[in-house]
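Okay, so here's the structure we're looking at.
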Amino acid sequence: MASLTKTVRVAQRLATTTSRSALARPTLSLAQHAATTARIAISCRLNSTSAPKTPQPAATETVTPLDPKVYSQLPRTLQKMTVANKVIIVTGGARGLGNHMARACAEAGAKAIAIFDANQELGDAAAEELHSLTGLPVTFHKVDVRNGDAIDAAVAEVVKIHGVPDALINSAGIADSNIPAETYDRDMFRRLIDINLTGSFLTAQAVGRAMMAAKKPGSIIFIASMSGSIVNHPQEQCCYNASKAGVVQLGKSLAAEWAKYGIRVNCISPGYMDTELNRVPALDAQKKIWKSLTPQGRLGGVDELNGLAVFLASDASSFMTGSNVIIDGGYTCW
């Protein structure tokens, strides 16, 4: 129903650009004309050879940490927009969007970074690489976010090695897609909810307790999704959508509960992103549709969440809590 409503909105939007005389022709009703116009416009977008391109990171990426001398010379407003001297935990930080946000925090002045991930090999490599590029203390902690005891132990290790965390970027998650609800395997459904929603809660709970025990204010950032606010089209993915809607509401609830401790909780909700998981031939047809339904006509670059992640972890967002910021190229406008 949501995707049908969106198609009608797109059709209505396109129909307003046609002339009165064209709309008045007796051979087509207004609804028929709008639907035809929409199909033509979307077909043009799907077959366009000049579609906007998704920004790509440099082939040989460098990560340059913020120089303390440079920081000291920044105006106060820009100083507040850094994460200078902060300890930051990034879950799902061994690869993908989480890894790019960890790198951004290093560039923005982080004191130390702890990467939580379930993949030992990728996690070790990611931590070693980020340390070698920046010289910053970067540690890897093998964590399955479904395991509360493992999370508690990892947070305790971070406190012992780096100090109490100042910020958590909760990026760990999985996606199941193109599965009709009527055939969705129950165990798969529970697994996704456990990782995306329960895992977000358990990690936030452990980090929040550490902040409270130290009487230290902090920032918790959930990576949710626009799928927590809309229903995606054309793929069927009820479980993923429900999990991300839960993450958004969890963020608001924790923001209200923990404001008294000086702990802020916000969500970033990305749209379709050009991650490695989306760079597979099986998704080519769907990606054309996604782009056609996005005003900017492209997927998001893997580093286009970085600025907001740093801002939410920084003191520049000190009066911001309980917010869900959608970064989707305009997808949810239509």
Side-chain angles (χ1 to χ4, degrees), residues 88-99 101-102 113-127 139-161 165 167-179 181 184-213 218-225 227-228 237-255 257-258 263 265-270 275-277 309 324:
I88 299 177
I89 295 174
V90 183
T91 72
R95 53 189 160 179
L97 299 174
N99 186 257
M101 287 183 278
I113 295 173
I115 293 174
F116 287 12
D117 203 281
N119 190 307
Q120 182 79 52
E121 183 179 354
L122 290 177
D124 284 336
T139 53
F140 169 68
H141 309 261
K142 188 177 187 300
V143 171
D144 183 332
V145 294
R146 295 170 292 180
N147 187 331
D149 291 339
I151 295 169
D152 289 343
V155 172
E157 287 179 358
V158 171
V159 172
K160 182 178 180 180
I161 298 170
L168 163 68
I169 300 176
N170 206 333
S171 184
I174 62 171
D176 290 337
S177 191
N178 292 297
I179 306 175
Y184 214 119
D185 181 80
R186 295 171 184 173
D187 290 334
M188 284 182 63
F189 194 101
R190 292 189 182 98
R191 176 176 179 268
L192 190 146
I193 294 293
D194 271 353
I195 293 173
N196 289 5
L197 181 54
T198 307
S200 294
F201 168 71
L202 293 175
T203 309
Q205 183 186 55
V207 173
R209 284 173 173 170
M211 292 173 175
M212 293 173 201
S219 175
I220 293 174
I221 304 155
F222 289 130
I223 307 304
S225 170
S227 303
Q237 51 181 51
C238 66
C239 185
Y240 180 80
N241 296 353
S243 75
K244 292 303 186 177
V247 169
V248 171
Q249 190 64 11
L250 173 64
K252 292 181 178 181
S253 300
L254 294 182
E257 288 190 35
W258 290 353
I263 299 172
V265 186
N266 293 286
C267 293
I268 298 175
S269 282
T275 61
E276 289 187 16
L277 293 178
N324 175 37

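Note: hydrogens, waters and symmetry copies are ignored here, and every other heavy atom, side chains too, is used.
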Roughly how far, to the nearest 0.5 Å, is the [atom2] atom of [Y] from the [atom1] atom of [X]?
{"X": "K142", "Y": "L122", "atom1": "NZ", "atom2": "CG", "answer": "11.5 Å"}
{"X": "L202", "Y": "D152", "atom1": "CG", "atom2": "CG", "answer": "8.5 Å"}
{"X": "Q205", "Y": "L250", "atom1": "CD", "atom2": "CG", "answer": "10.5 Å"}
{"X": "Q249", "Y": "L197", "atom1": "CD", "atom2": "CG", "answer": "11.0 Å"}
{"X": "H141", "Y": "I89", "atom1": "NE2", "atom2": "CD1", "answer": "7.5 Å"}
{"X": "K252", "Y": "N266", "atom1": "NZ", "atom2": "CG", "answer": "11.0 Å"}

Are any of the side-chain heavy atoms of [X] and [Y] separated by less than 4.5 Å?
{"X": "S171", "Y": "F222", "result": "no"}
{"X": "S177", "Y": "Y240", "result": "no"}
{"X": "Q120", "Y": "F140", "result": "yes"}
{"X": "I221", "Y": "L168", "result": "no"}
{"X": "D176", "Y": "F189", "result": "no"}
{"X": "T139", "Y": "I115", "result": "no"}
{"X": "L192", "Y": "I174", "result": "yes"}
{"X": "R146", "Y": "T198", "result": "no"}

So Q237 and S227, side-chain contact (heavy atoms from CB on, under 4.5 Å) or not? Walk me through it.
CA-CA 9 Å; Q237 51 181 51; S227 303; 3.6 Å; yes
Carefully, step by step, assess I88 and V90 under the rule side-chain contact (heavy atoms from CB on, under 4.5 Å). CA-CA 7 Å; I88 299 177; V90 183; 4.1 Å; yes
Where is the tightest heavy-atom contact between [X] and [Y], given as atom of each residue plus distance?
{"X": "G93", "Y": "N99", "value": "O-ND2, 3.0 Å"}
{"X": "V207", "Y": "P165", "value": "CG1-CG, 4.0 Å"}
{"X": "I193", "Y": "C239", "value": "CG1-SG, 3.9 Å"}
{"X": "A204", "Y": "L254", "value": "CB-CD1, 4.0 Å"}
{"X": "A309", "Y": "I169", "value": "CB-CD1, 4.3 Å"}
{"X": "V158", "Y": "A114", "value": "CG2-CB, 3.6 Å"}

For this session: Take T275 and L97 through the test side-chain contact (heavy atoms from CB on, under 4.5 Å) and record every step on the way to the result.
Result: CA-CA 8 Å; T275 61; L97 299 174; 4.0 Å; yes
**Study point:** Evaluation steps, side-chain contact (heavy atoms from CB on, under 4.5 Å), between V145 and F116
**Key:** CA-CA 9 Å; V145 294; F116 287 12; over 6 Å; no
I'd like to know if the side chain of N170 reaches the main chain of S200, judged simply by a donor and an acceptor atom lying under 3.5 Å from each other, with no hydrogens or angles considered.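 Flag set: sc N170 to bb S200 pair under 3.5 Å.
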task = Kindly say whether I223 contributes a backbone atom to a donor-acceptor pair with the side chain of K244 at under 3.5 angstrom?
result =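 Answer holds: yes.
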- Query: Salt bridge or not for R191 and D194, using N-O below 4.0 Å?
  - Reply: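 Looking at D194 together with R191, the answer is no, because their closest N to O distance does not fall below 4.0 Å.
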